[in-house]
Each structure stands twice: as structure tokens, then as C-alpha cells.
Engineer: 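Below are the C-alpha cells for one structure; questions will follow.
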Amino acid sequence: MAVIYHDEEANVDVIRGETIAILGYGNQGSAQARNLRDSGLNVIVGNIDDAYRAAAVKDGFAVLSLADASTRASILFLLTPDEIMPEIYARDVAPHLSPGKLLNFAHGYNIGFNLIVPPAFIDVVMIAPRMIGAGVRDSYVSGEGFPSFVGVHQDATGTAKQRMLALAKAVGSTRAGCLEMSLRDEATLDLFTEQAFGPAFGRVMMTAIDTLVEAGYPPEAVLMELYLSGEMAYSFLKIRELGMLKQHELHSHTSQYGTITRSARYTDLDSLLKQKMGESLEEIRSGAFAKEWSSDRADKIELLKQVRAMQASLPMTQWEDAARRAFRIGDAARRTS
Ligand code: NDP
């Protein structure tokens with residue numbers, strides 16, 4: 001049974017008086033820094049000289065270089081993009097570590113796959129939000145909080161867990177609940193969602209679009225029916241609130257009957273999906289993916305650029321743009337941003 005921590009198990013006083021450095025004032029960094037400060041803690045920011053630095057200054061933080069912030073603080077939140085973190089750690093963080101400091105990660109990837117190996121004399125923990133940065137801030141302000149996966153990788157002080165839970169409480173996560181796991185497991189689950197569930201779900205979507213467009217239905221209507229209307233996104237919210245099967249009751253009887261009786265037609269996909277997902281899981285667990293992604297990085301970033309350019313000219317992207325314009329999807333968001 002999973003262990004889940006809530007506010008009652010955490011005491012912020014354990015870390016009161018310590019200085020926390022947020023290294024990287026991006027999506028997560030800007031949200032977590034403000035939450036920790038609003039919980040009464042002493043927060044400084046370490047960032048390179050760029051727009052994020054200016055944002056941190058505007059938000060009222062003392063902003064130092066990454067190296068100076070690492071020197072000054074006893075608790076370090078490494079919140080730069082994961083792929084450049086090993087380089088930043090080696091250059092700006094590792095030389096300034098001393099016994100008793102604590103290093104916190106928002107994703108278990110670099111520790112889990114041994115791309116960063118900290119010295120034994122510091123605490124190493126993870127508070128990995130299951131939430132984008134904007135949601136981390138909004139749910140703190142609303143009082144709802146956000147769930148996280150948390151774990152202690154290294155306990156040099158004997159108090160790593162108490163310090164981690166204190167930080168999780170101050171950042172607003174124990175309000176919703178913090179599920180304990182190893183950093184490698186957190187990274188594995190995250191990568192599996194991205195590399196197995198996401199692509200498989202994407203193939204289902206693409207096959208449905210192809211089937212309907214080839215049968216002569218207008219592409220805009222097909223995309224609207226499948227996801228552009230927001231009905232599917234709404235159903236996912238209901239799945240979260242009620243459960244996969246219980247949310248069926250919100251749909252019409254025709255819908256319920258059709259879904260239930262026709263589900264069996266697709267069960268022969270199960271064995272193929274299991275096999276493919278098993279392959280993805282093994283590739284992640286063995287460290288093969290992490291090794292692949294760490295090598296020849298420049299070539300891979302170039303590949304991502306080329307794929308993005310190619311995607312922009314695909315018929316589907318053009319159908320989506322036309323339908324979004326016609327139905328004014330996103331207009332409200334654009335007006336308020
Ligand atoms: P961001 O991409 O938003 O930015 C992180 C910060 O790092 C920015 O201040 C950025 O400044 C800085 N940075 C980028 N490149 C460099 C560099 N070469 N040297 C120094 N600083 C640099 O990161 P996220 O907030 O998305 O991710 C941070 C961590 O949070 C990661 O571990 C991620 O896995 C984790 N996480 C992220 C979630 C999310 O929804 N985004 C959800 C849960 C966890 P600039 O770009 O101007 O250089």
C-alpha cells in the first residue's frame with residue numbers, strides 16, 4: 001500500500017531559519033519560490049542573467065548567480081531543465097556543497113539514472129509535483145494544494161525526511177497529499193506516460209481521424225467531435241472526480257449501451273499494446289533511454305526542430321487551425337493573456 005503524507009505529518013518549523021535557494025526561476029521555480037515565501041520561509045533565487053532573472057527581481061526576490069545562491073543557501077531546489085542540470089550541478093552547485101545541505105529535485109530523472117551523483121555528506125530528496133508551474137501557484141493560492149511524488153534518496157543528517165515534508169508542506173503539496181517513492185520509480189512512471197501511454201493514445205486518435213476523414217466527413221467536424229469541443233477534456237475531469245466506469249453514468253443511455261457492447265471488439269489490441277508498452281518500460285528501466293538522450297544532444301535538439309517544422313505543414317495542423325479560428329477557440333485566453 002502506498003504511503004501518502006498530509007499536512008498533519010509535516011512541521012515547517014524544522015526548516016525555519018534556513019535559507020532556500022531556488023536555482024532556475026522558470027515554470028516550477030517561479031511558482032515554488034512564491035509559495036515558499038508566502039509560507040514565511042527565507043527564499044533567494046539563483047538564475048543566469050535573462051528574462052527569468054528580471055521576473056524574479058520584479059517579484060521582489062534577491063537574485064544571485066547560480067553559484068552564489070548555492071553558496072549562500074543550505075537548501076537548494078534544482079529547477080533548471082533536466083537535460084542541462086548535470087552540467088549546471090557540476091559547475092555551479094557541487095563546488096559549494098558542504099555537510100548538512102539539502103538538495104531537492106522536482107523530477108527523479110537525473111538522480112534516478114545516475115546522471116548526477118551527489119556527495120554522501122548532504123541530504124538528497126525529491127518533491128515532484130504532479131502539476132504544471134501555474135497550477136502549483138494557483139492551487140497554493142486557492143488553498144487546494146497539489147499532489148506530488150516525494151522521496152528521500154540520501155539521508156546524511158538523519159532529518160532528511162522531516163526536512164522534505166516541511167518543504168512539501170510549505171510549497172503547498174501536503175495539503176493535497178504526497179505519495180512516497182524512489183526517485184528512479186518517479187522518473188520511470190513519468191517517462192512511461194510520455195513514451196508509452198502518450199504515443200499509444202496518439203495512434204488511437206490519429207486512426208479515428210483517418211477513418212472518419214477517409215469516409216468523407218469534414219476534417220473540422222471530425223476534430224471538433226473528437227477533441228476540439230473540449231467534451232473529451234471535460235470527460236477526463238470527470239474520470240478524475242468519479243472514476244473511469246462511474247463517469248459513464250453522465251452520458252446518454254445510447255452512449256452507454258454503445259460503448260459497453262462494442263468495447264469487446266477492441267480487446268484483441270490488448271496483447272499488442274502490452275507487448276509494446278512492456279518494451280518501452282524495459283527500455284526506460286534499463287537506463288537505455290537515459291543513455292540515448294544524454295548522447296549527441298545537439299543532434300537530437302536539431303531533430304526536434306525539424307520535426308516541429310514538419311508538423312506545422314501537416315494537413316491536420318491546418319485543419320485544427322481552421323477549426324479553432326472558426327469556433328474562436330482560445331480567443332478568451334488570448335484576450336486575458
Ligand atoms: P523551465 O524550462 O521553465 O526553466 C527553468 C529555469 O532554468 C529558467 O529560469 C531557465 O532560464 C533556466 N535555464 C535554462 N537553461 C539554463 C542554462 N543553460 N543555465 C542556467 N539556467 C538555465 O523548467 P521547468 O520549471 O519546466 O522544470 C524545472 C524542473 O521541474 C525540472 O526538473 C522538471 O522536470 C520539473 N517539473 C516540471 C514540471 C512542469 O510542468 N514544467 C512539472 C513537474 C516537475 P532560461 O530559459 O532563460 O535560460
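In listed order, ligands and their atoms are each counted from 1.
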Engineer: Report the nearest protein non-hydrogen atom to atom 4 (O) of ligand 1: residue, atom name, distance rounded to 0.1 Å.
Structural biologist: Gly26 CA, 3.7 Å
Engineer: Which option wins on minimum heavy-atom distance to atom 21 (N) of ligand 1: Asp190, Ile48, Asn47?
Structural biologist: Ile48
Engineer: Could you check whether any heavy atom of Leu78 sits closer than 4.0 Å to an atom of ligand 1, since that is the contact criterion I want to use?
Structural biologist: no
Engineer: Near Pro129, which atoms of ligand 1 are under 4.0 Å from a heavy atom of that residue?
Structural biologist: 43 (C)
Engineer: Suppose we measure from atom 35 (C) of ligand 1 to each protein heavy atom; which comes out shortest, and what is that distance?
Structural biologist: Ala106 CB, 3.7 Å
Engineer: To which protein heavy atom is atom 23 (O) of ligand 1 closest, and what is the distance rounded to 0.1 Å?
Structural biologist: Leu79 O, 4.1 Å
Engineer: Could a heavy atom of Met85 be found less than 4.0 Å from some atom of ligand 1?
Structural biologist: yes
Engineer: Using heavy-atom distances only, which candidate in Tyr52, Phe146, Phe149 approaches atom 46 (O) of ligand 1 most closely?
Structural biologist: Tyr52
Engineer: Can you sort out which atoms of ligand 1 are near Ile88, meaning under 4.0 Å from one of its heavy atoms?
Structural biologist: 17 (C), 19 (N), 20 (C), 21 (N)
Engineer: Among Thr80, Val136, Ile84, which one has a heavy atom closest to atom 27 (O) of ligand 1?
Structural biologist: Thr80
Engineer: Is it the case that the side chains of Glu18 and Ser74 hold a donor-acceptor pair, with the cut-off being a distance below 3.5 Å and no angle test?
Structural biologist: yes
Engineer: Please determine if Arg137 and Asp38 form a salt bridge, counting it only when a charged side-chain N lies under 4.0 Å from a carboxylate O.
Structural biologist: yes
Engineer: Honestly, is Arg34 close enough over Phe61, meaning NZ or CZ under 6.0 Å from the six-membered ring centre and within 45° of the axis?
Structural biologist: no
Engineer: Heavy atoms only: which of Asp49, Asn110, Asp82 lies closest to atom 33 (C) of ligand 1?
Structural biologist: Asp82
Engineer: Look at atom 36 (N) of ligand 1 and say which protein heavy atom is nearest, naming residue and atom and giving the distance to 0.1 Å.
Structural biologist: Gln28 CG, 3.7 Å
Engineer: In this structure, does ligand 1 have an atom that sits under 4.0 Å from one of the heavy atoms of Met131?
Structural biologist: yes
Engineer: Please determine if Arg130 forms a cation-pi arrangement with Phe146, meaning its NZ or CZ atom is less than 6.0 Å from the six-membered ring centre and no more than 45° off the ring axis.
Structural biologist: no
Engineer: Which protein heavy atom lies closest to atom 3 (O) of ligand 1, and at what distance to 0.1 Å?
Structural biologist: Asn27 N, 2.8 Å
Engineer: Distance alone, cut at 3.5 Å: any donor-acceptor contact between the side chains of Ser70 and Asp92?
Structural biologist: no
Engineer: Can you tell me which residue and heavy atom of the protein come closest to atom 45 (P) of ligand 1, and the distance to 0.1 Å?
Structural biologist: Asp50 OD2, 2.9 Å
Engineer: So which heavy atom in the protein is nearest atom 40 (O) of ligand 1, and how far is it from that ligand atom?
Structural biologist: Ile132 CA, 3.3 Å
Engineer: Out of Gly24, Pro81, Gly46, who gets a non-hydrogen atom closest to atom 13 (N) of ligand 1?
Structural biologist: Pro81
Engineer: Ignoring hydrogens and angles, state whether a donor on the side chain of Tyr140 or Ser39 is under 3.5 Å from an acceptor on the partner side chain.
Structural biologist: yes
Engineer: Check whether any side-chain N or O of Asp50 sits under 3.5 Å from a backbone N or O of Arg53 as a donor-acceptor pair, and report yes or no.
Structural biologist: yes
Engineer: When you check the side-chain N and O atoms of Gln32 and Tyr25, is any donor under 3.5 Å from an acceptor?
Structural biologist: no
